[in-house]
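Chain naming here is simple, since letters A, B, ... match the order of the sequence lines and numbering starts at 1 in each.
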Amino acid sequence: MNWKNHDSYIELYPPKEFDFEQCLDFLARDAQEMLHKIKDGYLIKLLKIDEEMILCKIEAEHKVIKVEFLSGKPSYEGREEIAKYIWEWFDLDQNLEEFYSIASEDKILSPLVKRYYGLRIVGMPDLFESLVWAIIGQQINLNFAYTLKKRFVQDFGENIVFENETYWVFPSYDKIAQIEVEELRNHQFTTRKAEYIIGIAKAMTTNEISKEALLNQYDFEKIKQSLMALRGVGAWSADYVLMKCFHDNSSYPVGDVGLQNAFKSNLGLDRKPTAEEMYEYAKAWKGWEAYATFYLWRSLSDKTT
DNA sequence: ATCCAGGAACTGT
DNA sequence: ACAGTTCATGGA
């Protein structure tokens with residue numbers, strides 16, 4: 001991570017092939033999103049750092065990311081944690097040179113990397129958040145998934161009010177470990193999803209799973225098996241979490257309906273591709289399947305194509 | 001009304 | 001191992 005602390009703000013120095021505006025466009029895709037706000041060219045995100053709420057204003061000037069604190073006074077360690085979060089959020093450890101070199105020669109990807117040049121996999125550094133979002137998104141349309149997430153955040157998350165606007169942090173697993181299935185059922189979560197989410201929250205409070213422990217396995221396949229051992233987490237959810245939380249560039253959720261539809265529309269197919277066909281396309285993307293997937297997903301929210 | 005949605009567990013063979 | 005069934009709700 002490449003960052004610098006200043007009196008009233010911090011700066012992050014991203015690698016080449018990063019475009020903050022592209023990432024903002026992605027983050028703006030959902031009108032119901034509660035976990036950040038997009039203003040005119042900048043981003044506001046509430047983070048809970050060492051039990052203190054820190055409201056961050058994030059913008060980019062001359063390829064430098066600048067973060068100011070609109071509310072809260074983070075210590076040096078807190079600032080480092082904030083920098084780390086943002087660094088992970090925008091996947092800034094990656095060098096995309098190889099991906100762009102591969103993609104520019106690729107029939108499917110070449111138009112996409114031109115259109116979204118500088119877009120990073122916008123991740124979810126928080127393991128609980130990424131698991132819950134994967135479970136919420138299972139087998140329902142995205143709009144409804146966003147609605148459920150909004151209810152979840154507003155009912156169980158913490159918030160602060162700044163200049164007459166409310167900002168939220170994702171509910172903690174400690175909180176969710178204590179609620180009843182019925183409370184989520186009331187918000188139109190299915191009984192199963194409610195059980196999965198509460199079960200995972202409990203597993204995290206008892207330290208049965210943690211991001212730190214999983215990271216120490218140093219092997220994405222092992223992490224995937226550990227994730228799939230959780231009730232409610234199948235191959236699709238595990239791949240999703242590997243991509244968004246663990247930065248696994250080889251993650252490739254072939255079962256994903258959105259990805260299948262992206263292939264269909266980008267290739268002008270009259271049906272969705274089979275898993276075999278998807279593996280065939282991906283042979284050329286070895287090691288960069290997650291980026292290919294993310295760019296294909298990105299193309300879905302573009303009504304202009 | 002019918003089918004599908006950024007799936008997964010459960011059941012029966 | 002593998003296919004069929006159930007979950008449950010919103011949108012097209």
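Between the P atoms of B/dA8 and C/dG11, the separation comes to 23 Å (whole Å). The P atoms of B/dG6 and C/dC7 are separated by 22 Å, rounded to the nearest whole Å. Comparing C/dT5 with B/dC3, their P atoms are spaced 14 Å from each other, to the whole Å. Using atom P as the reference point in both C/dG10 and B/dA9, the two lie 23 Å apart (nearest Å).
A/Tyr196 has its side chain within reach of A/Gln138: a pair of non-hydrogen atoms, C-beta onward, lies under 4.5 Å apart. When side chains are defined from C-beta on, A/Phe294 counts as touching A/Leu119, because their heavy atoms get closer than 4.5 Å. Looking only at side-chain heavy atoms (C-beta outward), A/Ile49 and A/Pro74 stay at 4.5 Å or farther from each other. Within the 4.5 Å cutoff, the side chain of A/Glu51 has heavy atoms near those of the A/Lys48 side chain. Using a 4.5 Å cut-off on side-chain heavy atoms (C-beta onward), A/Asp256 and A/Trp297 make contact. At a threshold of 4.5 Å between non-hydrogen side-chain atoms, the residues A/Tyr291 and A/Leu109 do not count as touching. Contact annotation: the side chain of A/Asp155 approaches that of A/His187 to within less than 4.5 Å [non-hydrogen atoms, C-beta and beyond]. With a 4.5 Å cut-off on side-chain heavy atoms, A/Leu92 and A/Pro15 count as touching.
Using a 4.0 Å cut-off between charged side-chain N and carboxylate O, A/Glu208 and A/Lys202 make no salt bridge.
For A/Arg29, the salt bridge (charged side-chain N to carboxylate O under 4.0 Å, His left out) test picks out no residue, with sequence neighbours left out. Applying the salt bridge (charged side-chain N to carboxylate O under 4.0 Å, His left out) criterion to A/Glu88, with sequence neighbours excluded, gives A/Lys211.
Residues of residues 221-237 of chain A having a heavy atom closer than 4.0 Å to DNA chain B, listed by number: A/Leu230, A/Arg231, A/Gly232, A/Val233, A/Gly234, A/Ala235, A/Trp236, A/Ser237. Within a heavy-atom distance below 4.0 Å of DNA chain C, the residues of residues 187-203 of chain A found are A/Gln188, A/Thr190, A/Thr191, A/Arg192. Listed in residue order, the members of residues 243-253 of chain A having a heavy atom less than 4.0 Å from DNA chain C come to none. Near DNA chain B, meaning a heavy atom under 4.0 Å from it, residues 125-143 of chain A has A/Gly137, A/Gln138, A/Gln139, A/Ile140, A/Asn141, A/Leu142 in order of number. Non-hydrogen atoms lying under 4.0 Å from DNA chain B are contributed by nothing in residues 26-35 of chain A.
Here chain A contacts DNA chain C (any atom closer than 4.0 Å to a heavy atom, that is under 4.0 Å), and the contacts span C/dT6 to C/dG11 from 5' to 3'. Heavy-atom contacts of chain A under 4.0 Å fall on DNA chain B between two terminal nucleotides, which in 5' to 3' order are B/dA5 to B/dC10.
Legend: ring pair (Phe, Tyr, Trp, His ring centres under 6.0 Å) pairs involving residues 209-236 of chain A, not counting sequence neighbours, sorted by first then second residue: A/Trp236-A/Tyr240.
Under the 4.5 angstrom side-chain criterion for Ile, Leu, Val, Met, Phe, Trp and Tyr, A/Met228 has no cluster partners at all. Annotation for A/Tyr167: hydrophobic cluster partners, listed by chain and number, are A/Tyr42, A/Ile44, A/Leu46, A/Met53, A/Leu55, A/Leu70, A/Ile160, A/Phe162, A/Val169 (ILVMFWY side-chain heavy atoms under 4.5 Å, direct or chained).
Neither A/Tyr9 nor A/Trp89 shares a network with the other; the hydrophobic side chains, linked directly or stepwise wherever heavy atoms of I, L, V, M, F, W or Y lie under 4.5 Å apart, form separate groups for each.
Evaluated for a salt bridge (charged side-chain N to carboxylate O under 4.0 Å, His left out) with A/Lys39, the options A/Glu59, A/Glu165, A/Glu163 yield exactly one hit, A/Glu165.
Note: A/Leu184 CG to A/Ile179 CD1 = 4.0 Å, rounded to the nearest 0.5 Å.
Cation-pi geometry between A/Lys244 and A/Trp133 is not met at under 6.0 angstrom from the ring centre and within 45 degrees of the axis.
No hydrogens or angles considered: a donor-acceptor pair under 3.5 Å links the side chains of A/Gln32 and A/Thr147.
Ring centroids of A/Tyr100 and A/Tyr117 are separated by less than 6.0 Å, placing the two rings close together.
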